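Just so we're clear, the structure is a prediction, and the values are computed from it rather than from any experiment. In what follows, chains carry the letters A, B, and so on, assigned in the order in which the sequence lines appear, proteins first and then strands, with residues in each chain numbered from 1.
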There are 2 protein chains.
Amino acid sequence: MAATILVVEDEPSIQSLIEVNLRRAGHEVILASDVETARRLVGAALPDLILLDWMLPGLSGIDFARQLRRDARTKMLPVIMLTARSEERDKVEGLDVGADDYITKPFSPRELVARIKAVLRRHAPQVTEDAVELGGIRLDPVSHRVTAGNEDIAFGPTEFRLLHFLMTHPERVYTRTQLLDQVWGDHVFVEERTVDVHIRRLRAALEATGHDSLVQTVRGSGYRFSAT
Amino acid sequence: MAATILVVEDEPSIQSLIEVNLRRAGHEVILASDVETARRLVGAALPDLILLDWMLPGLSGIDFARQLRRDARTKMLPVIMLTARSEERDKVEGLDVGADDYITKPFSPRELVARIKAVLRRHAPQVTEDAVELGGIRLDPVSHRVTAGNEDIAFGPTEFRLLHFLMTHPERVYTRTQLLDQVWGDHVFVEERTVDVHIRRLRAALEATGHDSLVQTVRGSGYRFSAT
DNA sequence: TGGGCGGTGTCACCGAATTGTCATCACGCT
DNA sequence: AGCGTGATGACAATTCGGTGACACCGCCCA
(Lines give C-alpha, C1' and ligand atoms only; values in the text may rest on other atoms or scores of the structure.)
Protein backbone atom coordinates (compact mmCIF):
# COMPACT_ATOMS: atom_id res chain seq x y z
CA MET A 1 0.00 0.00 0.00
CA ALA A 2 3.01 2.27 0.08
CA ALA A 3 2.68 5.02 -2.49
CA THR A 4 4.47 8.17 -3.45
CA ILE A 5 2.22 11.12 -2.77
CA LEU A 6 2.79 14.66 -3.91
CA VAL A 7 1.30 17.15 -1.50
CA VAL A 8 0.65 20.61 -2.91
CA GLU A 9 -0.20 22.88 -0.01
CA ASP A 10 1.09 26.30 0.90
CA GLU A 11 0.32 26.49 4.56
CA PRO A 12 3.26 25.05 6.51
CA SER A 13 1.24 23.80 9.47
CA ILE A 14 -1.17 21.82 7.35
CA GLN A 15 1.70 20.65 5.17
CA SER A 16 3.49 19.05 8.07
CA LEU A 17 0.30 17.70 9.55
CA ILE A 18 -0.35 15.87 6.33
CA GLU A 19 3.21 14.79 5.92
CA VAL A 20 3.41 13.20 9.35
CA ASN A 21 0.21 11.31 8.88
CA LEU A 22 0.97 10.05 5.44
CA ARG A 23 4.40 8.90 6.45
CA ARG A 24 2.92 7.09 9.40
CA ALA A 25 0.63 5.34 6.94
CA GLY A 26 3.71 4.18 5.09
CA HIS A 27 3.66 6.55 2.16
CA GLU A 28 6.46 8.42 0.56
CA VAL A 29 5.71 12.13 0.72
CA ILE A 30 6.90 14.88 -1.58
CA LEU A 31 6.05 18.45 -0.73
CA ALA A 32 5.38 21.46 -2.89
CA SER A 33 4.19 24.85 -1.75
CA ASP A 34 3.08 26.14 -5.09
CA VAL A 35 1.96 24.97 -8.47
CA GLU A 36 5.21 25.79 -10.23
CA THR A 37 7.17 23.54 -7.91
CA ALA A 38 4.54 20.85 -8.17
CA ARG A 39 4.63 20.91 -11.91
CA ARG A 40 8.37 20.52 -11.92
CA LEU A 41 8.26 17.64 -9.50
CA VAL A 42 5.64 15.91 -11.59
CA GLY A 43 7.83 16.49 -14.61
CA ALA A 44 10.77 14.91 -12.86
CA ALA A 45 8.99 11.82 -11.57
CA LEU A 46 5.36 10.78 -11.50
CA PRO A 47 3.89 10.34 -8.05
CA ASP A 48 1.16 7.78 -7.44
CA LEU A 49 -1.27 10.38 -6.22
CA ILE A 50 -1.55 14.13 -5.82
CA LEU A 51 -3.09 15.81 -2.83
CA LEU A 52 -3.92 19.25 -4.06
CA ASP A 53 -4.98 22.31 -2.16
CA TRP A 54 -7.75 24.29 -3.74
CA MET A 55 -6.43 27.70 -2.89
CA LEU A 56 -2.81 28.34 -3.68
CA PRO A 57 -0.66 31.40 -4.27
CA GLY A 58 -0.25 32.07 -7.97
CA LEU A 59 -1.94 29.52 -10.18
CA SER A 60 -4.82 27.95 -8.32
CA GLY A 61 -5.09 24.27 -7.55
CA ILE A 62 -8.05 23.91 -9.79
CA ASP A 63 -6.12 25.22 -12.77
CA PHE A 64 -3.30 22.87 -12.02
CA ALA A 65 -5.73 19.97 -11.90
CA ARG A 66 -7.05 20.99 -15.27
CA GLN A 67 -3.55 21.03 -16.69
CA LEU A 68 -2.85 17.60 -15.28
CA ARG A 69 -5.95 16.28 -17.02
CA ARG A 70 -4.90 17.77 -20.30
CA ASP A 71 -1.49 16.17 -20.39
CA ALA A 72 -1.49 12.59 -21.55
CA ARG A 73 1.24 11.63 -19.16
CA THR A 74 -0.66 12.82 -16.12
CA LYS A 75 -4.18 12.27 -17.32
CA MET A 76 -4.61 9.18 -15.25
CA LEU A 77 -2.98 10.56 -12.12
CA PRO A 78 -5.39 10.39 -9.22
CA VAL A 79 -5.98 13.78 -7.64
CA ILE A 80 -7.58 14.50 -4.31
CA MET A 81 -8.67 18.05 -3.74
CA LEU A 82 -8.21 19.71 -0.41
CA THR A 83 -10.38 22.66 0.38
CA ALA A 84 -11.41 24.82 3.26
CA ARG A 85 -14.71 25.60 1.69
CA SER A 86 -17.38 23.05 1.96
CA GLU A 87 -19.98 24.60 -0.24
CA GLU A 88 -21.73 22.38 -2.68
CA ARG A 89 -20.92 24.64 -5.57
CA ASP A 90 -17.22 24.10 -5.15
CA LYS A 91 -17.53 20.37 -4.93
CA VAL A 92 -19.29 20.29 -8.20
CA GLU A 93 -16.72 22.44 -9.90
CA GLY A 94 -13.90 20.39 -8.46
CA LEU A 95 -15.27 17.10 -9.61
CA ASP A 96 -15.85 18.68 -12.94
CA VAL A 97 -12.17 19.38 -13.17
CA GLY A 98 -11.54 15.71 -12.67
CA ALA A 99 -10.68 15.36 -9.03
CA ASP A 100 -11.07 11.81 -7.80
CA ASP A 101 -12.13 12.78 -4.35
CA TYR A 102 -12.63 15.62 -1.96
CA ILE A 103 -11.51 16.43 1.51
CA THR A 104 -12.69 19.55 3.26
CA LYS A 105 -10.71 21.18 5.98
CA PRO A 106 -10.74 20.62 8.80
CA PHE A 107 -10.26 16.91 8.27
CA SER A 108 -9.26 14.08 10.53
CA PRO A 109 -5.98 12.36 9.75
CA ARG A 110 -7.80 9.09 9.64
CA GLU A 111 -10.21 10.35 7.04
CA LEU A 112 -7.31 11.60 4.99
CA VAL A 113 -5.52 8.28 5.02
CA ALA A 114 -8.71 6.37 4.36
CA ARG A 115 -9.66 8.42 1.36
CA ILE A 116 -6.20 8.16 -0.10
CA LYS A 117 -6.28 4.43 0.31
CA ALA A 118 -9.66 4.24 -1.38
CA VAL A 119 -8.59 6.34 -4.32
CA LEU A 120 -5.39 4.39 -4.76
CA ARG A 121 -7.26 1.14 -4.72
CA ARG A 122 -9.64 2.38 -7.30
CA HIS A 123 -7.14 4.13 -9.46
CA ALA A 124 -3.72 2.56 -9.30
CA PRO A 125 -4.21 -1.12 -8.76
CA GLN A 126 -0.54 -1.90 -8.82
CA VAL A 127 0.36 0.08 -5.73
CA THR A 128 -2.19 -1.73 -3.63
CA GLU A 129 -1.45 -5.04 -2.11
CA ASP A 130 -4.50 -6.78 -3.40
CA ALA A 131 -3.95 -10.04 -5.17
CA VAL A 132 -4.82 -10.06 -8.86
CA GLU A 133 -6.42 -13.04 -10.50
CA LEU A 134 -6.76 -13.11 -14.22
CA GLY A 135 -6.68 -15.61 -17.03
CA GLY A 136 -6.06 -18.51 -14.67
CA ILE A 137 -3.15 -16.87 -12.94
CA ARG A 138 -3.10 -15.49 -9.46
CA LEU A 139 -0.52 -12.97 -8.38
CA ASP A 140 -0.24 -12.02 -4.77
CA PRO A 141 1.98 -9.01 -4.05
CA VAL A 142 1.95 -9.67 -0.32
CA SER A 143 3.44 -13.13 -0.42
CA HIS A 144 5.20 -12.23 -3.66
CA ARG A 145 3.89 -15.35 -5.24
CA VAL A 146 2.36 -16.36 -8.52
CA THR A 147 0.19 -19.44 -8.86
CA ALA A 148 -1.46 -21.11 -11.80
CA GLY A 149 -3.97 -23.67 -10.60
CA ASN A 150 -1.99 -25.00 -7.70
CA GLU A 151 1.36 -24.77 -9.38
CA ASP A 152 3.76 -22.18 -8.10
CA ILE A 153 5.64 -20.17 -10.69
CA ALA A 154 8.97 -18.56 -9.87
CA PHE A 155 9.96 -15.16 -11.22
CA GLY A 156 12.84 -12.82 -10.86
CA PRO A 157 12.03 -9.45 -9.29
CA THR A 158 11.77 -7.61 -12.57
CA GLU A 159 9.59 -10.23 -14.21
CA PHE A 160 7.37 -10.16 -11.17
CA ARG A 161 6.90 -6.41 -11.34
CA LEU A 162 6.36 -6.59 -15.06
CA LEU A 163 3.70 -9.27 -14.72
CA HIS A 164 2.11 -7.37 -11.87
CA PHE A 165 1.86 -4.23 -13.93
CA LEU A 166 0.49 -6.03 -16.95
CA MET A 167 -2.05 -7.96 -14.91
CA THR A 168 -3.32 -4.82 -13.22
CA HIS A 169 -3.65 -3.16 -16.61
CA PRO A 170 -4.97 -5.86 -18.89
CA GLU A 171 -6.33 -5.38 -22.38
CA ARG A 172 -4.13 -2.43 -22.96
CA VAL A 173 -1.12 -2.13 -25.19
CA TYR A 174 2.00 -0.60 -23.71
CA THR A 175 4.97 0.51 -25.71
CA ARG A 176 8.39 -0.54 -24.54
CA THR A 177 8.99 3.00 -23.39
CA GLN A 178 5.83 3.04 -21.32
CA LEU A 179 6.74 -0.26 -19.73
CA LEU A 180 10.17 1.06 -18.88
CA ASP A 181 8.58 4.08 -17.23
CA GLN A 182 6.03 2.06 -15.34
CA VAL A 183 7.97 -1.03 -14.36
CA TRP A 184 11.56 0.13 -14.25
CA GLY A 185 10.86 3.70 -13.21
CA ASP A 186 10.47 7.06 -14.81
CA HIS A 187 14.12 7.99 -14.80
CA VAL A 188 15.88 4.73 -15.31
CA PHE A 189 18.12 4.55 -18.30
CA VAL A 190 17.77 1.19 -19.99
CA GLU A 191 17.69 0.05 -23.60
CA GLU A 192 14.21 -0.38 -25.05
CA ARG A 193 15.02 -3.83 -26.32
CA THR A 194 15.67 -4.95 -22.79
CA VAL A 195 11.92 -5.08 -22.40
CA ASP A 196 11.83 -7.79 -25.07
CA VAL A 197 14.21 -9.89 -23.09
CA HIS A 198 12.17 -9.63 -19.93
CA ILE A 199 8.98 -10.36 -21.80
CA ARG A 200 10.67 -13.46 -23.08
CA ARG A 201 11.76 -14.47 -19.58
CA LEU A 202 8.27 -13.83 -18.38
CA ARG A 203 6.83 -16.02 -21.10
CA ALA A 204 9.38 -18.71 -20.47
CA ALA A 205 8.29 -18.91 -16.85
CA LEU A 206 4.61 -18.92 -17.78
CA GLU A 207 5.13 -21.57 -20.41
CA ALA A 208 5.39 -24.36 -17.88
CA THR A 209 1.67 -24.06 -17.17
CA GLY A 210 0.70 -23.00 -20.65
CA HIS A 211 -0.16 -19.45 -19.71
CA ASP A 212 2.44 -17.77 -21.87
CA SER A 213 -0.12 -16.83 -24.50
CA LEU A 214 -1.61 -14.30 -22.09
CA VAL A 215 1.32 -12.04 -22.77
CA GLN A 216 0.82 -10.92 -26.32
CA THR A 217 2.91 -9.02 -28.79
CA VAL A 218 1.31 -6.24 -30.77
CA ARG A 219 3.63 -5.74 -33.64
CA GLY A 220 4.71 -2.17 -34.11
CA SER A 221 3.15 -1.10 -30.83
CA GLY A 222 4.23 -3.08 -27.83
CA TYR A 223 2.87 -5.72 -25.50
CA ARG A 224 -0.46 -6.53 -23.94
CA PHE A 225 -1.82 -8.82 -21.28
CA SER A 226 -5.06 -10.35 -22.38
CA ALA A 227 -7.18 -12.92 -20.62
CA THR A 228 -9.66 -13.50 -23.41
CA MET B 1 11.07 12.61 -32.18
CA ALA B 2 13.45 14.93 -33.95
CA ALA B 3 13.88 18.13 -32.01
CA THR B 4 15.88 21.31 -32.04
CA ILE B 5 18.22 21.32 -29.11
CA LEU B 6 20.22 24.24 -27.82
CA VAL B 7 23.46 23.11 -26.22
CA VAL B 8 25.06 25.56 -23.84
CA GLU B 9 28.52 24.31 -23.03
CA ASP B 10 31.85 26.07 -23.00
CA GLU B 11 34.28 23.21 -23.36
CA PRO B 12 34.84 22.53 -27.10
CA SER B 13 35.55 18.83 -26.74
CA ILE B 14 32.37 18.13 -24.82
CA GLN B 15 30.47 20.43 -27.12
CA SER B 16 31.36 18.46 -30.18
CA LEU B 17 30.89 15.15 -28.44
CA ILE B 18 27.35 16.17 -27.65
CA GLU B 19 26.74 17.60 -31.08
CA VAL B 20 27.80 14.48 -32.90
CA ASN B 21 25.65 12.25 -30.78
CA LEU B 22 22.56 14.38 -30.91
CA ARG B 23 22.79 14.72 -34.66
CA ARG B 24 23.17 11.00 -34.98
CA ALA B 25 19.97 10.69 -32.99
CA GLY B 26 18.26 12.86 -35.55
CA HIS B 27 18.14 16.13 -33.67
CA GLU B 28 18.91 19.60 -34.87
CA VAL B 29 21.70 21.06 -32.75
CA ILE B 30 22.44 24.69 -31.97
CA LEU B 31 25.57 25.53 -30.04
CA ALA B 32 26.36 28.28 -27.57
CA SER B 33 29.52 28.63 -25.52
CA ASP B 34 28.18 31.12 -23.03
CA VAL B 35 24.97 32.37 -21.54
CA GLU B 36 24.96 35.60 -23.53
CA THR B 37 25.00 33.74 -26.82
CA ALA B 38 22.45 31.28 -25.54
CA ARG B 39 20.11 34.04 -24.51
CA ARG B 40 20.38 35.63 -27.92
CA LEU B 41 19.65 32.33 -29.67
CA VAL B 42 16.66 31.66 -27.47
CA GLY B 43 15.45 35.15 -28.23
CA ALA B 44 15.76 34.49 -31.94
CA ALA B 45 14.01 31.15 -32.01
CA LEU B 46 12.78 28.85 -29.29
CA PRO B 47 14.44 25.46 -29.27
CA ASP B 48 12.53 22.36 -28.15
CA LEU B 49 14.95 21.66 -25.35
CA ILE B 50 17.99 23.20 -23.71
CA LEU B 51 21.00 21.24 -22.59
CA LEU B 52 22.68 23.48 -20.09
CA ASP B 53 26.08 23.19 -18.47
CA TRP B 54 26.14 24.00 -14.81
CA MET B 55 29.44 25.81 -14.81
CA LEU B 56 29.91 28.45 -17.44
CA PRO B 57 32.13 31.48 -17.85
CA GLY B 58 30.32 34.65 -16.85
CA LEU B 59 26.76 34.04 -15.79
CA SER B 60 26.40 30.49 -14.51
CA GLY B 61 24.07 27.93 -16.00
CA ILE B 62 21.95 27.89 -12.93
CA ASP B 63 21.28 31.59 -13.17
CA PHE B 64 20.37 31.22 -16.79
CA ALA B 65 17.95 28.48 -15.89
CA ARG B 66 16.38 30.74 -13.32
CA GLN B 67 15.94 33.46 -15.92
CA LEU B 68 14.37 31.04 -18.33
CA ARG B 69 11.85 30.07 -15.70
CA ARG B 70 10.99 33.68 -14.99
CA ASP B 71 10.22 34.57 -18.57
CA ALA B 72 6.73 33.58 -19.63
CA ARG B 73 7.91 32.77 -23.11
CA THR B 74 10.47 30.26 -21.93
CA LYS B 75 8.84 29.08 -18.74
CA MET B 76 7.76 25.80 -20.23
CA LEU B 77 11.01 25.08 -22.05
CA PRO B 78 12.45 21.78 -20.91
CA VAL B 79 15.95 22.13 -19.50
CA ILE B 80 18.45 19.39 -18.80
CA MET B 81 21.35 20.31 -16.57
CA LEU B 82 24.81 19.06 -17.25
CA THR B 83 27.18 18.97 -14.32
CA ALA B 84 30.47 17.51 -13.29
CA ARG B 85 29.49 17.45 -9.69
CA SER B 86 27.31 14.66 -8.56
CA GLU B 87 26.65 15.71 -5.00
CA GLU B 88 23.11 15.46 -3.79
CA ARG B 89 23.08 19.08 -2.68
CA ASP B 90 23.62 20.24 -6.22
CA LYS B 91 20.92 18.04 -7.60
CA VAL B 92 18.45 19.45 -5.17
CA GLU B 93 19.40 23.00 -6.01
CA GLY B 94 19.20 22.22 -9.68
CA LEU B 95 15.75 20.73 -9.53
CA ASP B 96 14.78 23.67 -7.41
CA VAL B 97 15.81 25.96 -10.23
CA GLY B 98 13.53 24.04 -12.48
CA ALA B 99 15.67 21.64 -14.41
CA ASP B 100 13.68 18.78 -15.87
CA ASP B 101 16.48 16.32 -15.55
CA TYR B 102 20.09 15.89 -14.70
CA ILE B 103 23.12 14.43 -16.33
CA THR B 104 26.39 14.24 -14.49
CA LYS B 105 29.68 14.12 -16.31
CA PRO B 106 31.09 11.85 -17.34
CA PHE B 107 28.05 10.56 -19.20
CA SER B 108 27.59 8.00 -21.92
CA PRO B 109 26.28 9.27 -25.25
CA ARG B 110 23.48 6.79 -25.04
CA GLU B 111 22.39 8.02 -21.68
CA LEU B 112 22.39 11.54 -23.00
CA VAL B 113 20.18 10.64 -25.92
CA ALA B 114 17.89 8.53 -23.76
CA ARG B 115 17.35 11.24 -21.19
CA ILE B 116 16.64 13.82 -23.83
CA LYS B 117 14.14 11.49 -25.37
CA ALA B 118 12.47 10.95 -22.01
CA VAL B 119 12.20 14.64 -21.26
CA LEU B 120 10.82 15.40 -24.70
CA ARG B 121 8.29 12.66 -24.29
CA ARG B 122 7.10 14.17 -21.04
CA HIS B 123 6.56 17.47 -22.73
CA ALA B 124 4.86 15.96 -25.73
CA PRO B 125 1.24 16.84 -26.38
CA GLN B 126 -1.47 14.35 -25.76
CA VAL B 127 -3.51 12.36 -28.19
CA THR B 128 -6.95 11.12 -27.32
CA GLU B 129 -7.53 7.45 -27.72
CA ASP B 130 -11.19 6.62 -27.68
CA ALA B 131 -12.59 3.48 -29.15
CA VAL B 132 -14.64 3.79 -32.34
CA GLU B 133 -17.57 1.59 -33.13
CA LEU B 134 -19.11 1.76 -36.55
CA GLY B 135 -20.80 -0.49 -39.05
CA GLY B 136 -20.49 -3.53 -36.83
CA ILE B 137 -16.81 -3.06 -36.27
CA ARG B 138 -15.17 -1.90 -33.11
CA LEU B 139 -11.68 -0.49 -33.10
CA ASP B 140 -10.00 0.16 -29.79
CA PRO B 141 -6.70 2.04 -29.94
CA VAL B 142 -6.02 1.34 -26.29
CA SER B 143 -5.97 -2.41 -26.53
CA HIS B 144 -5.01 -2.08 -30.19
CA ARG B 145 -7.75 -4.42 -31.19
CA VAL B 146 -10.35 -4.66 -33.90
CA THR B 147 -13.40 -6.80 -33.30
CA ALA B 148 -16.40 -7.69 -35.42
CA GLY B 149 -19.01 -9.32 -33.26
CA ASN B 150 -16.73 -11.31 -31.05
CA GLU B 151 -14.24 -12.16 -33.73
CA ASP B 152 -10.83 -10.61 -33.51
CA ILE B 153 -9.40 -9.25 -36.73
CA ALA B 154 -5.65 -8.97 -37.19
CA PHE B 155 -4.05 -6.10 -39.06
CA GLY B 156 -0.59 -4.93 -39.83
CA PRO B 157 0.36 -1.60 -38.24
CA THR B 158 -0.32 0.43 -41.37
CA GLU B 159 -3.68 -1.17 -42.04
CA PHE B 160 -4.60 -0.53 -38.45
CA ARG B 161 -3.76 3.15 -38.69
CA LEU B 162 -5.54 3.39 -42.01
CA LEU B 163 -8.70 1.80 -40.66
CA HIS B 164 -8.51 3.96 -37.57
CA PHE B 165 -8.34 7.09 -39.63
CA LEU B 166 -11.16 6.04 -41.91
CA MET B 167 -13.39 5.02 -39.01
CA THR B 168 -12.85 8.29 -37.20
CA HIS B 169 -13.70 10.15 -40.42
CA PRO B 170 -16.52 8.15 -41.91
CA GLU B 171 -18.77 9.09 -44.78
CA ARG B 172 -16.12 11.20 -46.33
CA VAL B 173 -13.99 10.64 -49.37
CA TYR B 174 -10.25 11.00 -49.11
CA THR B 175 -7.87 11.17 -52.00
CA ARG B 176 -4.80 8.98 -51.96
CA THR B 177 -2.70 12.02 -51.25
CA GLN B 178 -4.79 12.98 -48.27
CA LEU B 179 -4.59 9.48 -46.90
CA LEU B 180 -0.85 9.45 -47.32
CA ASP B 181 -0.61 12.70 -45.38
CA GLN B 182 -2.94 11.58 -42.64
CA VAL B 183 -1.95 7.97 -42.20
CA TRP B 184 1.65 7.81 -43.35
CA GLY B 185 2.68 11.30 -42.38
CA ASP B 186 3.14 14.60 -44.08
CA HIS B 187 6.71 14.41 -45.25
CA VAL B 188 6.85 10.79 -46.30
CA PHE B 189 7.65 10.00 -49.88
CA VAL B 190 5.58 7.06 -50.96
CA GLU B 191 3.94 6.18 -54.26
CA GLU B 192 0.26 7.07 -54.42
CA ARG B 193 -0.56 3.64 -55.73
CA THR B 194 0.68 2.18 -52.49
CA VAL B 195 -2.54 3.32 -50.89
CA ASP B 196 -4.43 1.01 -53.22
CA VAL B 197 -2.43 -1.90 -52.00
CA HIS B 198 -3.07 -1.16 -48.37
CA ILE B 199 -6.76 -0.64 -49.02
CA ARG B 200 -6.76 -4.05 -50.57
CA ARG B 201 -4.99 -5.58 -47.57
CA LEU B 202 -7.46 -3.85 -45.33
CA ARG B 203 -10.35 -5.29 -47.25
CA ALA B 204 -8.79 -8.71 -47.33
CA ALA B 205 -8.62 -8.71 -43.54
CA LEU B 206 -12.19 -7.44 -43.22
CA GLU B 207 -13.47 -9.97 -45.68
CA ALA B 208 -13.34 -12.80 -43.17
CA THR B 209 -16.29 -11.29 -41.32
CA GLY B 210 -17.94 -9.81 -44.38
CA HIS B 211 -17.18 -6.23 -43.46
CA ASP B 212 -15.03 -5.44 -46.44
CA SER B 213 -17.82 -3.52 -48.13
CA LEU B 214 -17.48 -0.79 -45.54
CA VAL B 215 -14.36 0.41 -47.28
CA GLN B 216 -15.58 1.81 -50.55
CA THR B 217 -13.93 3.05 -53.68
CA VAL B 218 -15.07 6.34 -55.13
CA ARG B 219 -13.95 6.23 -58.67
CA GLY B 220 -11.87 9.22 -59.65
CA SER B 221 -11.73 10.56 -56.10
CA GLY B 222 -10.43 8.13 -53.56
CA TYR B 223 -11.75 6.00 -50.73
CA ARG B 224 -14.41 6.24 -48.10
CA PHE B 225 -15.54 4.40 -45.01
CA SER B 226 -19.28 4.14 -44.95
CA ALA B 227 -21.46 2.38 -42.43
CA THR B 228 -24.72 2.64 -44.34
C1' DT C 1 39.72 -13.34 -0.54
C1' DG C 2 37.92 -15.93 -4.13
C1' DG C 3 34.48 -18.36 -6.21
C1' DG C 4 29.65 -19.67 -7.33
C1' DC C 5 25.14 -17.77 -8.28
C1' DG C 6 20.85 -15.53 -9.42
C1' DG C 7 19.40 -11.56 -11.73
C1' DT C 8 20.05 -7.94 -15.36
C1' DG C 9 21.04 -5.42 -19.37
C1' DT C 10 23.15 -5.65 -24.16
C1' DC C 11 24.26 -7.59 -28.43
C1' DA C 12 24.33 -10.01 -32.64
C1' DC C 13 21.89 -12.90 -35.50
C1' DC C 14 17.78 -15.11 -37.44
C1' DG C 15 13.38 -15.80 -39.19
C1' DA C 16 8.97 -13.87 -39.94
C1' DA C 17 5.95 -10.06 -40.75
C1' DT C 18 5.35 -5.86 -43.10
C1' DT C 19 5.84 -2.70 -46.78
C1' DG C 20 6.46 -0.23 -51.09
C1' DT C 21 6.59 -1.12 -56.10
C1' DC C 22 5.56 -3.11 -60.44
C1' DA C 23 3.53 -5.45 -64.04
C1' DT C 24 -0.86 -7.14 -65.22
C1' DC C 25 -5.49 -7.94 -65.22
C1' DA C 26 -10.42 -6.37 -64.79
C1' DC C 27 -14.05 -3.28 -65.17
C1' DG C 28 -17.00 0.64 -66.36
C1' DC C 29 -17.71 4.16 -69.75
C1' DT C 30 -17.99 6.44 -74.15
C1' DA D 1 -12.86 -1.51 -78.99
C1' DG D 2 -10.22 1.94 -76.55
C1' DC D 3 -9.34 4.59 -72.41
C1' DG D 4 -8.85 5.61 -67.74
C1' DT D 5 -8.88 3.76 -63.16
C1' DG D 6 -8.76 0.31 -59.76
C1' DA D 7 -7.74 -4.30 -58.12
C1' DT D 8 -4.46 -8.00 -57.65
C1' DG D 9 -0.62 -11.11 -57.29
C1' DA D 10 4.10 -11.40 -56.94
C1' DC D 11 8.38 -9.91 -55.03
C1' DA D 12 12.43 -7.95 -52.96
C1' DA D 13 13.89 -4.88 -49.33
C1' DT D 14 13.31 -3.57 -44.88
C1' DT D 15 11.77 -3.62 -40.27
C1' DC D 16 10.74 -5.84 -36.12
C1' DG D 17 10.48 -9.13 -32.49
C1' DG D 18 12.47 -13.57 -30.63
C1' DT D 19 16.47 -15.83 -28.87
C1' DG D 20 20.76 -17.51 -27.20
C1' DA D 21 25.03 -15.96 -25.47
C1' DC D 22 27.59 -13.21 -22.52
C1' DA D 23 29.47 -9.82 -19.42
C1' DC D 24 28.45 -7.58 -15.15
C1' DC D 25 27.14 -6.86 -10.47
C1' DG D 26 25.98 -7.50 -5.85
C1' DC D 27 25.78 -11.31 -2.50
C1' DC D 28 26.44 -15.26 0.12
C1' DC D 29 29.48 -18.55 1.71
C1' DA D 30 33.38 -21.37 1.99
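Although no hydrogens or angles enter the test, the distance criterion places no donor-acceptor pair under 3.5 Å between the side chain of B:Asp10 and the main chain of B:Asp34. A:Glu151 places no side-chain N or O within 3.5 Å of a backbone atom of A:Ala148 that could act as its donor or acceptor partner. With B:Arg138 contributing its side chain and B:Thr147 its backbone, the two residues share no donor-acceptor pair below 3.5 Å.
Listed in residue order, the members of residues 204-215 of chain A having a heavy atom less than 4.0 Å from DNA chain C come to none. Contacts between residues 151-161 of chain B and DNA chain C, defined by a heavy-atom separation under 4.0 Å, are made by B:Gly156, B:Pro157, B:Thr158, B:Glu159. Within residues 172-183 of chain B, the residues having any heavy atom closer than 4.0 Å to DNA chain D are, in order of number, B:Arg176.
The phosphate of D:dT5 has neither OP1 nor OP2 within less than 4.0 Å of any side-chain N or O from B:Tyr223. OP1 or OP2 of D:dG18 lies within a sub-4.0 Å distance of a side-chain N or O belonging to A:Thr217.
Rounded to the nearest 0.5 Å, atoms CG (B:Leu162) and CD (B:Gln182) are 11.5 Å apart. Taking NE2 of A:His169 as the reference point, atom NE2 of A:His164 lies at 9.0 Å (rounded to 0.5 Å). With values rounded to the nearest 0.5 angstrom, B:Leu31 atom CG is found 11.0 Å from B:Ile5 atom CD1.
The list of salt bridge (Lys or Arg N to Asp or Glu O under 4.0 Å) pairs with a residue in residues 211-228 of chain B, not counting sequence neighbours, is empty. Listed by first then second residue, pairs satisfying ring-ring contact (aromatic ring centres under 6.0 Å, His included) with a partner in residues 191-228 of chain A read A:Trp184-A:His198, not counting sequence neighbours. The salt bridge (Lys or Arg N to Asp or Glu O under 4.0 Å) pairs that include a residue from residues 167-177 of chain B are B:Arg176-B:Asp196, where partners are two or more places apart or lie in different chains.
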Notebook entry, point to check: With the sugar-phosphate defined as primed atoms, P, OP1 and OP2, and the base as all remaining atoms, what B/S/- string results for nucleotides 20-29 of chain D, 5' to 3', for protein heavy atoms under 4.0 Å?
Noted result: B---------

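A donor-acceptor pair shorter than 3.5 Å can be found between the side chains of A:Ser226 and B:Arg145.
Evaluation of the ring pair (Phe, Tyr, Trp, His ring centres under 6.0 Å) rule for A:Phe160 yields A:His144 as partners, not counting sequence neighbours. Taking A:Arg39 as the reference, A:Glu36 meet the salt bridge (Lys or Arg N to Asp or Glu O under 4.0 Å) condition, with sequence neighbours excluded. B:Thr74 is linked by a side-chain contact (heavy atoms from CB on, under 4.5 Å) to B:Val42, B:Leu46, B:Leu68, B:Asp71, B:Leu77, counting only residues two or more places apart in sequence or in another chain. Taking B:Arg23 as the reference, B:Glu19, B:Glu28, B:Val29 meet the side-chain contact (heavy atoms from CB on, under 4.5 Å) condition, with sequence neighbours excluded.
For DNA chain C, the outermost nucleotides in 5' to 3' order that have an atom under 4.0 Å from a heavy atom of chain B are C:dT10 to C:dC22.
Within the 4.5 Å cutoff, no side-chain heavy atoms of B:Lys117 are placed close to those of B:Leu120.
The distance from atom CZ of A:Arg219 to atom C1' of D:dG18 is 10 Å, rounded to the nearest whole Å. The distance from atom NE2 of A:His198 to atom C1' of D:dT19 is 14 Å, rounded to the nearest whole Å.
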